[in-house]
Amino acid sequence: KTVAFNPVYIHSSVGLGKSHLLNSIAWAAGASDPSLKIIYLTADHFMYHFITAVQRQSALAFKEWLRGIDLLLIDDLQFLQGKSATEFGHTLSVLITGAKQIVVAGDAPPRDLEMLDERVRSRLSGGLVVPITRFDLELRRAIVNRRTEIAATRFPGVSFPTAVIDYIAYSVTSHGRDLDGAVNRLVAANQLTNEAITVPLAEKTLADLIRKRETPRVRIDDILKIVSRHFKIPRTDILSSRRSRDVVRPRQIAMYLAKSLTSRSLPEIGRQFGGRDHTTVLHSVRKVEQLMRDDGELCQEIELLKRMLSD
DNA sequence: CTGGTTTATCCACATGCCT
DNA sequence: AGGCATGTGGATAAACCAG
């Protein structure tokens with residue numbers, strides 16, 4: 001047998017069957033060679049084991065144990081966050097170097113995994129990266145159409161207006177299973193209440209299936225890049241501990257942007273700004289807000305930066 | 001340069017919100 | 001009951017700024 005690609009990184013949004021795929025891989029590998037040692041873990045489980053191992057001073061034993069594994073599958077990498085992520089990154093790169101087969105899955109491409117350091121990220125990008133894309137609109141429409149036809153033969157009174165089919169196909173963007181679920185639920189609602197199937201009914205019944213418009217992801221990397229270019233100061237200065245005004249202002253503005261444009265927490269942002277304390281970030285945010293209150297020009301400048309970042 | 005002021009930063013801790 | 005996020009109050013030392 002050959003190790004063709006290592007590591008393999010699978011990414012897709014939630015609900016498209018990543019975990020299912022990972023489990024299938026594990027099962028198929030086990031079926032083809034029962035002697036293989038295969039471990040499937042979610043990232044937080046992995047981290048839990050790792051941390052308890054460190055606490056029990058048995059980190060070495062833990063690493064030995066890992067080395068004995070032939071196929072390691074780690075799921076939900078995006079849940080890996082916080083202060084131990086960097087330590088985890090270390091272990092991960094040791095593992096990858098260890099030449100055993102690794103399969104990792106997460107909900108973003110490797111370069112967006114900000115909690116991992118650059119070396120690990122490029123490590124992951126260097127392997128095989130498999131994106132699983134959503135069904136596109138036409139395919140979703142076709143699936144819904146098919147489902148409604150089946151429903152119509154089973155429940156003669158049921159009919160789906162085209163507008164409702166479009167609505168479902170447009171709004172429910174996750175896995176095919178959810179598209180089925182949407183149709184079933186509408187049929188059920190219709191059977192129970194005799195209410196005609198309309199777009200408003202669909203809106204009401206399917207509220208929880210419709211993922212709210214995901215705020216376009218802004219990465220802190222991008223904020224750093226844009227801010228450092230705009231103020232003509234090197235990115236390393238922003239991350240450094242220098243405190244001269246010409247570097248502090250941009251730094252604070254960047255932190256403010258990170259807080260308002262991403263959903264990262266204060267400690268998380270602090271960590272990415274050269275390991276600063278979360279209260280420093282808080283102070284920066286407030287400072288910038290105050291500066292904006294009594295300086296319209298700065299206000300516009302920051303609005304400009306915001307627009308540049310969220311296109 | 002010097003002495004005083006401002007403030008970016010960190011720390012210890014409190015509170016509230018989810019599990 | 002414990003982790004995580006947001007906040008408060010205080011201390012300190014790095015910049016800043018007259019004189």
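Here is how names work: the chains are called A, B, and so on, in the same order as the sequence lines, proteins then strands, and each is numbered from 1. Not measured: the values here are computed from a predicted model.
Under the salt bridge (Lys or Arg N to Asp or Glu O under 4.0 Å) criterion, A:Arg249 pairs with no residue, sequence neighbours left out. Taking A:Glu138 as the reference, A:Arg141 meet the salt bridge (Lys or Arg N to Asp or Glu O under 4.0 Å) condition, with sequence neighbours excluded. Every residue was checked against the side chain to side chain contact (heavy atoms under 4.5 Å, CB included) condition with A:Gln300, not counting sequence neighbours, and none meets it.
Note: CZ (A:Arg286) to C1' (B:dT7) measures 15 Å, nearest angstrom. We find that CZ of A:Arg276 is positioned 11 Å from C1' of B:dC10, with the value rounded to whole Å. To the nearest angstrom, C1' of B:dC10 lies 13 Å from CG of A:Leu282. Straight-line distance from the CZ atom of A:Phe273 to the P atom of B:dT9: 11 Å, rounded to whole Å. Rounded to an integer number of Å, the gap from CZ of A:Arg271 to P of C:dC4 is 10 Å. One atom, NE2 of A:His283, and another, P of C:dA11, lie 17 Å apart when rounded to the nearest Å.
Within the 4.0 angstrom heavy-atom criterion, only backbone atoms of the sugar-phosphate kind lie near A:Gly275; the bases stay farther away.
In summary, the side chains of A:Arg242 and A:Ser244 do present a donor paired with an acceptor at a separation below 3.5 Å, with no hydrogens or angles considered.
Under a 4.0 Å N-O distance rule, the pair A:Asp246/A:Arg251 does not qualify as a salt bridge. At a threshold of 4.0 Å, the pair A:Arg271-A:Glu268 counts as salt-bridged, since one of the basic side-chain nitrogens sits closer than that to a carboxylate oxygen.
The residue from A:Ile238, A:Asp222, A:Ile233 that alone fulfils the side chain to side chain contact (heavy atoms under 4.5 Å, CB included) condition with A:Val227 is A:Ile238. When each of A:Arg185, A:Arg147, A:Arg146 is paired with A:Asp180, the side-chain hydrogen bond (donor to acceptor under 3.5 Å, both in side chains) condition holds for A:Arg147 and for no other.
Within residues 228-239 of chain A, no residue has any heavy atom closer than 4.0 Å to DNA chain B.
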> For every nucleotide of nucleotides 12-19 of chain B, 5' to 3': is a protein heavy atom under 4.0 Å from its base (B), only from its sugar-phosphate (S), or from neither (-)?
Replying inline: B-------
Under 3.5 Å, which N/O atoms of the protein pair with N/O atoms of nucleotides 13-19 of chain C?
from	atom 1	to	atom 2	distance (Å)
C:dA15	OP1	A:Arg243	N	2.9
C:dC16	OP1	A:Arg245	N	2.8
C:dC16	O3'	A:Arg245	NH2	3.2
C:dC17	OP1	A:Arg245	NH2	3.2

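Residue A:Thr280 places none of its side-chain N or O atoms closer than 4.0 Å to OP1 or OP2 of B:dT9.
The heavy-atom pair separating A:Pro234 from A:Ser228 by the smallest distance is C-CB, 4.3 Å. The two residues A:Ser260 and A:Lys306 have their closest heavy-atom pair at OG-CE, 4.0 Å.
Of the listed nucleotides (C:dT6, B:dT7, B:dT9), C:dT6 has the atom at the smallest distance from the side chain of A:Ser265.
Under a cut-off of 6.0 angstrom, the local environment of CD in A:Glu297 is sparse, with at most 12 non-hydrogen atoms contributed by other residues, nucleotides or ligands.
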